[in-house]
Amino acid sequence: MFHRTITPAPHAASDLATLLDLLAEVSSRPRYAFMVLNLIAEVAGANGKAGPFIVRDGASIPLRDWLGQSLTPMGGRDPRRLALADRVREELAADGTLPADPALAKTCVAAEVRHRVLASGKTNLSRAVSELVRAGLLRRHYAGDYVDHHNRGGQRHVVYTVVGRARCLLARSASPPARDRRQGELALN
């Protein structure tokens, strides 16, 4: 009988739409760049900084490793990933390191595929982050033991700061989780 339409705040929708437009202009892979940016915003604090380590399941993980692991499942059905598994199986068989037990062979192939995918994923991640930095959506610096080391990665870990138009993602990731309502419980808001 009475319909109440709830509309989001006009600036929130336009900020996200503007961010997506910007990503489409500056990134060679805008969907992937948005996933990376969204994951970084998810673990960033209120000041927009994420890293150098995050805690997941009670373990401290370098941010870059966590991002790589989080993005790995995205290509699970990709024909190239399936072809990689076949190629790894053939390589292991040719080297004589493929176990005879089918279950053990499957586990061995999966572990090698995961290792290779994570290595190439870090390259893709670096490329996407570089595009986000050039677009003014992220800042990147390194923290760790050897700050003045000539090699950027020398015992240091990356810290990303969400800046510019991407800050609209911080508000989205910082919103409190929805309460789990049981059947029959009414929402009074």
Side-chain angles (χ1 to χ4, degrees), residues 20 23 27-45 49-133 137-138 140-146 149 151-162 166 169-170 172-180:
L20 293 173
L23 285 173
S27 177
S28 59
R29 297 172 62 193
R31 290 182 187 126
Y32 185 80
F34 181 72
M35 285 189 289
V36 169
L37 189 57
N38 206 28
L39 284 171
I40 292 169
E42 179 183 314
V43 295
K49 286 190 179 185
F53 295 95
I54 63 164
V55 177
R56 286 293 187 248
D57 300 325
S60 182
I61 309 168
L63 175 62
R64 192 165 179 246
D65 290 348
W66 176 78
L67 287 168
Q69 292 168 5
S70 298
L71 293 164
T72 296
M74 294 307 297
R77 295 183 305 190
D78 184 17
R80 290 176 295 193
R81 174 88 51 95
L82 300 174
L84 176 62
D86 291 339
R87 197 168 53 247
V88 165
R89 184 184 287 18
E90 290 170 6
E91 289 173 12
L92 292 176
D95 292 345
T97 56
L98 186 66
D101 177 28
L104 194 55
K106 184 177 181 179
T107 303
C108 185
V109 168
E112 180 60 22
V113 166
R114 180 167 176 73
H115 173 72
R116 291 184 188 188
V117 166
L118 283 173
S120 68
K122 285 184 180 181
T123 302
N124 292 333
L125 178 63
S126 292
R127 190 175 303 127
V129 166
S130 292
E131 289 176 343
L132 293 169
V133 167
L137 300 172
L138 274 183
R140 168 179 44 201
H141 73 274
Y142 296 86
D145 297 334
Y146 302 108
H149 196 272
N151 176 2
R152 293 194 303 187
Q155 298 297 315
R156 300 184 304 157
H157 300 283
V158 72
V159 176
Y160 297 126
T161 305
V162 179
L169 295 174
L170 293 176
R172 298 169 73 80
S173 65
S175 61
R179 270 191 50 210
D180 182 18

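Hydrogens, waters and symmetry mates are skipped; everything else that's a heavy atom, side chains included, is used.
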Just wondering, more than 12 heavy atoms not from R56 lying within 6.0 Å of its CZ? yes

Could you pull out the closest heavy-atom pair between S60 and F53, with the gap in Å? OG-CB, 3.4 Å

Can you confirm whether P52 sits close enough to V159 that some side-chain heavy atom of one is under 4.5 Å from a side-chain heavy atom of the other? yes

If we only count heavy atoms from C-beta on, is the H157 to L63 side-chain gap below 4.5 Å? no

Euclidean distance, L67 CG relative to E42 CD, rounded to 0.5 Å: 9.5 Å

Minimum heavy-atom distance R140-S126, with the two atoms named: NH1-O, 4.3 Å

Can you name the nearest heavy-atom pair linking A105 to P99, along with the distance? CB-O, 3.5 Å

Here the gap from L92 atom CG to T97 atom OG1, rounded to the nearest 0.5 Å, amounts to 4.0 Å

Does anything in residues 58-70 form a salt bridge (Lys or Arg N to Asp or Glu O under 4.0 Å)? List the pairs, not counting sequence neighbours. D65-K122

Separation of L71 CG from W66 CH2 (nearest 0.5 Å): 8.0 Å

Using the side-chain contact (heavy atoms from CB on, under 4.5 Å) rule, take V43 and Y160 through it: C-alpha gap first, then chi angles, then the decisive distance, then the call. CA-CA 10 Å; V43 295; Y160 297 126; over 6 Å; no

Determine, stepwise, if the pair L137 / L23 fulfils side-chain contact (heavy atoms from CB on, under 4.5 Å). CA-CA 9 Å; L137 300 172; L23 285 173; 3.7 Å; yes

If every non-hydrogen atom of L169 is compared with every non-hydrogen atom of A41, which pair is closest and at what distance? CB-CB, 3.7 Å

Write down the atom of A85, the atom of V113, and the distance for their closest heavy-atom approach. CA-CG2, 3.7 Å

When rounded to the nearest 0.5 Å, the distance separating CG of L132 from CD1 of I40 is 6.5 Å

With rounding to the nearest 0.5 angstrom, report the CD to CG distance, E90 to L98. 11.0 Å

Taking atom OH of Y32 and atom OG of S27, what is their separation to the nearest 0.5 Å? 10.5 Å

Would you list the pairs meeting side-chain hydrogen bond (donor to acceptor under 3.5 Å, both in side chains) in which at least one residue belongs to residues 98-113, sequence neighbours left out? E112-R116

Residues at least two apart in sequence or cross-chain that pass side-chain contact (heavy atoms from CB on, under 4.5 Å) with R114, listed by chain then number, are Q69, T72, L118

